[in-house]
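Beneath this line is the structure, given in structure tokens, with notes to follow.
In the text below, chain A, chain B and the rest are named by the order of the sequence lines, each starting its count at 1. All of these numbers come straight from a predicted model, not from anything done at the bench.
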There are 2 protein chains.
Amino acid sequence: MYQNKEATPGPAAEICERIWLSIAERKLRPGTRLKEEQLAEVFEVSRARVRQALAMLESDGLVTILPNRGAFVSEPGVDEARDVFHFRRQVEARVLERLMANIADTAIPQLEAHLALEREADARGDTTATIRLSGGFHLLLAELSGSGFLTSTLRDLISRSTLITTMYRRHSHHNCGPDEHAGLIARIRARDLPGALRLMEDHLRHVEDELDLTEDVPVLRDLRDALV
Amino acid sequence: MYQNKEATPGPAAEICERIWLSIAERKLRPGTRLKEEQLAEVFEVSRARVRQALAMLESDGLVTILPNRGAFVSEPGVDEARDVFHFRRQVEARVLERLMANIADTAIPQLEAHLALEREADARGDTTATIRLSGGFHLLLAELSGSGFLTSTLRDLISRSTLITTMYRRHSHHNCGPDEHAGLIARIRARDLPGALRLMEDHLRHVEDELDLTEDVPVLRDLRDALV
DNA sequence: TTCAACATGATTGTCGACATTTTTGTTGTC
DNA sequence: GACAACAAAAATGTCGACAATCATGTTGAA
């Protein structure tokens with residue numbers, strides 16, 4: 001998912017992308033078993049490549065691999081959910097600080113171009129593109145900050161956020177729409193770091209507040225482990 | 001490295017461990033090329049397993065893989081170094097909060113047992129064991145906090161910290177000795193969260209302050225990219 | 001009827017061989 | 001002598017087949 005410039009140029013990233021989108025669109029529910037051969041057949045690739053993709057998804061926290069058992073869509077608990085959002089706020093704040101401190105001339109036009117894509121996808125009701133572009137906006141901010149570490153860290157957190165939102169959302173996904181992103185761009189253009197930080201904080205808290213993090217959803221795999 | 005209970009039970013983790021230790025001991029310097037066949041020969045394993053290990057190390061940020069070019073020991077810049085320490089402080093703080101909020105009866109004895117191992121390794125001058133156990137203490141705290149997410153995140157950050165320390169340290173490694181860990185255990189036993197947080201903060205800042213983060217070290221790979 | 005041991009099927013894990021790409025060394029020409 | 005094109009070598013990337021492991025269904029005896 002969200003492959004950046006240098007890393008994962010391979011075609012395995014495409015498998016990741018499609019699996020991730022299926023998760024984001026709730027076509028693949030948490031706990032679902034992902035059989036390698038089956039995926040290889042669906043995507044018309046070798047099993048080795050599926051394996052490779054699953055390993056990537058595991059490091060992103062999207063799937064859980066049990067040795068000799070198989071891969072499953074992860075089922076993060078509420079504690080993990082809170083931790084993820086907690087650190088996402090921290091990372092995104094750091095991103096804004098770095099971005100403001102050393103902003104490139106091309107940053108604003110790039111952000112606006114991305115925003116235009118978001119609005120277009122939103123207008124034509126393309127939820128798949130909307131989901132991807134929505135996360136992509138935050139990731140673009142990280143890339144523009146110039147820190148590869150922040151970028152890869154945030155990519156991980158965004159993936160996890162999407163899965164968590166899928167599991168615990170109360171109403172509609174909402175998924176941070178273009179309007180709030182437009183506000184962020186305005187603050188960045190105005191070199192208003194405190195304002196941007198506040199907006200980002202509100203933005204992310206808003207997403208978290210839409211979730212029902214009062215109790216864990218039943219975890220299938222734990223049943224198994226419980227009766228050992 | 002630092003393999004926790006469930007994840008990476010495979011023998012590939014052993015390759016990671018040995019490569020990581022070689023990096024930590026400065027036997028493998030940043031920028032060093034890691035040829036797959038060569039590693040396979042040294043460790044007497046198949047090349048596929050080496051490949052697997054290198055992929056893990058890449059996700060930990062310890063090696064950088066350039067497609068069709070090979071794997072190299074990573075060379076984090078000063079900005080990345082600061083980001084890593086910044087988030088390590090955040091994560092370790094969160095770990096302490098979770099640990100204090102929901103502490104198990106066996107936590108203190110486990111920590112003390114680990115501390116004993118650290119002191120023993122330190123006493124007999126076993127730097128290899130000292131390095132591993134030193135990071136292991138922090139990782140044990142994360143495991144005791146009960147959060148798999150914090151644990152995996154911190155493992156990543158500790159690996160990166162070690163590499164960064166290797167690159168930018170001014171004097172001796174220091175590498176957070178057992179004494180400071182003993183202080184942390186005392187605060188935890190006393191249920192003194194603010195005190196523990198302060199100690200951890202000082203502890204980590206102390207490590208960072210020992211580094212010379214004023215300028216990037218010359219990056220070999222950039223020379224190549226520069227003359228494109 | 002129940003439980004345990006076993007046999008079968010399905011699925012994951014591993015390895016070696018081959019294809020592709022990059023790098024290095026050479027040759028030939030200007 | 002320098003440079004470009006080409007050829008050879010080395011390294012990485014990919015794939016298919018086999019081995020090991022786990023889940024399931026069956027059979028047998030208590």
Original post:
Going through the distances and angles, do B/R94 and A/R82 end up as a side chain to side chain contact (heavy atoms under 4.5 Å, CB included)?
Top reply: CA-CA 11 Å; B/R94 185 81 168 182; A/R82 296 209 135 93; 4.0 Å; yes
Original post:
Does a donor on one side chain sit under 3.5 Å from an acceptor on the other, for B/H181 and B/H114?
Top reply: no
Original post:
Using a distance-only test with no angle check, is there a side-chain donor-acceptor pair under 3.5 angstrom linking A/S59 and B/S59?
Top reply: no
Subject >> Letter per nucleotide, 5' to 3', of nucleotides 10-16 of chain D [B base touched, S only sugar-phosphate touched, - untouched; heavy atoms, 4.0 Å] >> reply: -SBBBS-
Original post:
What distance do B/L57 atom CG and B/Q52 atom CD have between them, rounded to the nearest 0.5 Å?
Top reply: 11.0 Å
Original post:
Given atom CD of A/E41 and atom C1' of C/dT11, what is their separation to the nearest angstrom?
Top reply: 14 Å
Original post:
Does a donor on one side chain and an acceptor on the other come within less than 3.5 Å for B/D79 and A/S147?
Top reply: no
